[in-house]
Amino acid sequence: MVLGSSSHRYEIVEGWGRLPSGVAYGYTHGVVVDSQDRVYIHNQSKDAVIVFDREGNFIKSWGEAFADGAHGLFLSREGAQEYLYLADYKRHIVVKTTLDGDEIWTIGSPDLPDVYDTDEKYKPTDVAVAPNGDLYVCDGYGESWIHQYDSSGKRIRSWGGLGSEPGKLNCPHGIWVDTRESPPVLLVADRGNFRIQIFTLDGEHIGFVREELRYPCCFYQFRDELYIPDLYARVTIFDRNNKLITHLGDYPEVWKRSDWPNIPHTDRHVGKSFHPMPCV
């Protein structure tokens, strides 16, 4: 089966990602690919990071500590090395690791007592890294703030808070440093407001993208194009001007079902999305 149109046509590879006995996917939020074309899937299971080769053959798994709160996953190339940044909303932390899962550092709840009077209010959902090494974390399931850190994990600034006016957020579920622009800008999937917000890397609000979006979750940039998993049952591809190229796997109205998103496998159809969140 092929999805898409014109120059954006994609063949579905059924059965990709074969798992050995005793390993099963949990609720999945993050997918990245390293320089060797190995695919890392961040999911809520005892095997919270599952690694495949490009053909979908299982290599290894790790990350049991993330089993309950595995969410956003970002791969950063820093010099000659590659690192993973993992968001865990249940443990209220962001962790930087090697590709093998060795911990480098952990960032907990920001020291903002007026926003977080308890650590439990901080529930990070995604991470992005800028070209200068600064780190951006969105508190999507907590208080709807964005937090900026330097490469060592020291907080620089924070902005946001619950609301719908420019600069305010409602479930900032995903975040991305958009290098299609010069200088780069920050994209935030302001999911609860059904839009994307655009900020400078210093947190100044620039604008919105609202057209052709239902419930945007996160981002992946490929050259001059932006790929957006839209929780309401499709993947959207934008050009460099954030105008629609095509939608993939559209499954209209499926999110209105009483059993969504836990739809039985008998009602899940190849080529139809029903709950897309990660994108790679």
Side-chain angles (χ1 to χ4, degrees), residues 29 71-72 74 87 89 92 94 109-110 112-128 130 134-149 155-178 180-181 184-221 226-238 241-244 247 250 252-256 260-261 273 275-279:
H29 291 83
H71 209 275
F74 185 85
Y89 68 88
H92 320 288
V94 169
S109 175
L112 293 170
D114 291 342
V115 179
Y116 304 105
D117 54 5
T118 67
D119 289 342
E120 285 69 27
K121 289 187 175 181
Y122 176 60
K123 298 178 181 180
T125 51
D126 203 13
V127 186
D134 282 358
L135 177 76
Y136 297 85
V137 179
C138 52
D139 179 20
Y141 289 167
E143 301 301 298
S144 291
W145 280 71
I146 304 297
H147 305 289
Q148 179 183 357
Y149 301 85
R155 190 173 65 87
I156 298 172
R157 62 173 59 86
S158 301
W159 70 91
L162 185 63
S164 59
E165 59 266 45
K168 293 294 185 179
L169 303 154
N170 183 0
C171 185
H173 189 273
I175 196 163
W176 188 265
V177 176
D178 183 358
R180 298 175 300 168
E181 299 291 335
V185 297
L186 194 67
L187 304 179
V188 178
D190 189 7
R191 192 171 77 177
N193 285 320
F194 310 99
R195 67 193 184 188
I196 294 169
Q197 286 208 59
I198 307 173
F199 297 91
T200 69
L201 295 188
D202 294 330
E204 178 185 349
H205 179 265
I206 298 173
F208 298 107
V209 180
R210 295 187 176 95
E211 293 75 20
E212 300 293 347
L213 295 169
R214 288 178 181 158
Y215 211 40
C217 283
C218 56
F219 311 95
Y220 180 75
Q221 179 185 328
L226 193 67
Y227 293 70
I228 304 162
D230 205 336
L231 191 69
Y232 286 166
R234 66 187 183 189
V235 174
T236 295
I237 305 177
F238 282 163
N241 298 311
N242 295 323
K243 300 300 182 183
L244 180 68
H247 294 299
D250 199 357
E253 307 296 305
V254 70
W255 60 92
K256 296 182 180 180
W260 182 87
S273 300
H275 195 245
M277 275 196 277
C279 195

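Numbering starts at 1 and runs along the sequence shown. Since the model is a prediction, treat every value here as computed from it, not as a measurement.
In this view, Asp117 and Lys121 satisfy the salt bridge (charged side-chain N to carboxylate O under 4.0 Å, His left out) rule, not counting sequence neighbours. Asn241 meets the side chain to side chain donor-acceptor pair (under 3.5 Å) test with no other residue; sequence neighbours excluded. Residues passing the side chain to side chain donor-acceptor pair (under 3.5 Å) test with Glu253 are Lys256, sequence neighbours excluded. A search for side chain to side chain donor-acceptor pair (under 3.5 Å) contacts involving Ser144 returns nothing, not counting sequence neighbours. Residues passing the side chain to side chain donor-acceptor pair (under 3.5 Å) test with Asn170: none are found, sequence neighbours excluded.
Residue Ile196 holds its CD1 atom at 9.5 Å from CG of Asp178, rounded to the nearest 0.5 Å. Leu226 CG to Asn242 CG: the interatomic distance, rounded to the nearest 0.5 Å, is 6.0 Å. In this structure, SG in Cys218 is found 12.0 Å from CG in Leu187, a value given to the nearest 0.5 Å. Atom CZ of Arg191 is separated from atom CG of Asp230 by 10.5 Å, given to the nearest 0.5 angstrom. Distance check, rounded to the nearest 0.5 Å: CD1 of Ile198 to CZ of Phe208 gives 9.5 Å. Atom-to-atom distance recorded for Thr236:OG1 and His247:NE2 is 4.5 Å, nearest 0.5 angstrom.
The aromatic ring centres of Phe219 and Tyr227 sit 6.0 Å or more apart.
Taking each heavy atom of Val188 and Pro172 in turn, the nearest pair found is CG1-CB, 3.6 Å. Nearest approach of Gly207 to His205, heavy atoms of both residues: O-NE2, 3.3 Å. Annotation for Ile228 and Pro216: closest pair CG2-CB, 3.9 Å, computed over non-hydrogen atoms. Residue Tyr149 comes nearest to Pro110 through the heavy atom pair OH-CG, 3.6 Å, listed as atom of the first residue, atom of the second, then distance. Contact detail for Cys217 and Leu231: the closest heavy-atom pair is SG-CB, 3.5 Å. Heavy-atom minimum distance, Pro124 versus Val137: CB-CG1, 3.7 Å.
Side-chain contact, His71 with Tyr141: a donor N or O sits under 3.5 Å from an acceptor N or O. For the residue pair His92 and Ser109, no side-chain donor N or O sits within less than 3.5 Å of a side-chain acceptor on the partner. Between the side chains of Tyr116 and Asp139, at least one donor N or O lies within less than 3.5 Å of an accepting N or O.
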Using the rule given for side chain to side chain contact (heavy atoms under 4.5 Å, CB included), can you reason through Leu169 versus Trp145, listing the C-alpha separation, both sets of side-chain angles and the distance that settles it, and then say yes or no? CA-CA 7 Å; Leu169 303 154; Trp145 280 71; over 6 Å; no
Please walk me through it: do Phe74 and Leu135 pass side chain to side chain contact (heavy atoms under 4.5 Å, CB included)? CA-CA 11 Å; Phe74 185 85; Leu135 177 76; over 6 Å; no
Audit row: Thr200, Leu186, side chain to side chain contact (heavy atoms under 4.5 Å, CB included) steps and yes/no: CA-CA 6 Å; Thr200 69; Leu186 194 67; over 6 Å; no
Could you walk me through whether Phe194 and Arg214 pass the side chain to side chain contact (heavy atoms under 4.5 Å, CB included) check? CA-CA 6 Å; Phe194 310 99; Arg214 288 178 181 158; over 6 Å; no
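Counting heavy atoms from C-beta outward, Leu213 and Tyr232 have side chains that stay 4.5 Å or more apart. Counting heavy atoms from C-beta on, the side chains of Cys171 and Asp190 never come closer than 4.5 Å. Put simply, the side chain of Tyr136 does not reach to within 4.5 Å of the side chain of Asp126, judged on heavy atoms. The shortest side-chain heavy-atom distance between Leu201 and Pro184 falls under the 4.5 Å cut-off. For the pair Trp255/Tyr215, no side-chain contact is recorded, criterion being any heavy-atom separation below 4.5 Å from C-beta on.
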Could you give the side-chain donor-acceptor pairs of residues 155-163 under 3.5 Å, partners two or more places apart or in another chain?
unit_1 : atom_1 : unit_2 : atom_2 : d
Arg155 : NH1    : Ser158 : OG     : 3.0
Arg157 : NE     : Asp202 : O      : 3.4
Arg157 : NH1    : Gln148 : OE1    : 2.8
Arg157 : NH1    : Asp202 : OD1    : 3.3
Ser158 : OG     : His147 : ND1    : 2.7

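Within 6.0 Å of CD in Glu120 there are more than 12 heavy atoms belonging to other residues, nucleotides or ligands.
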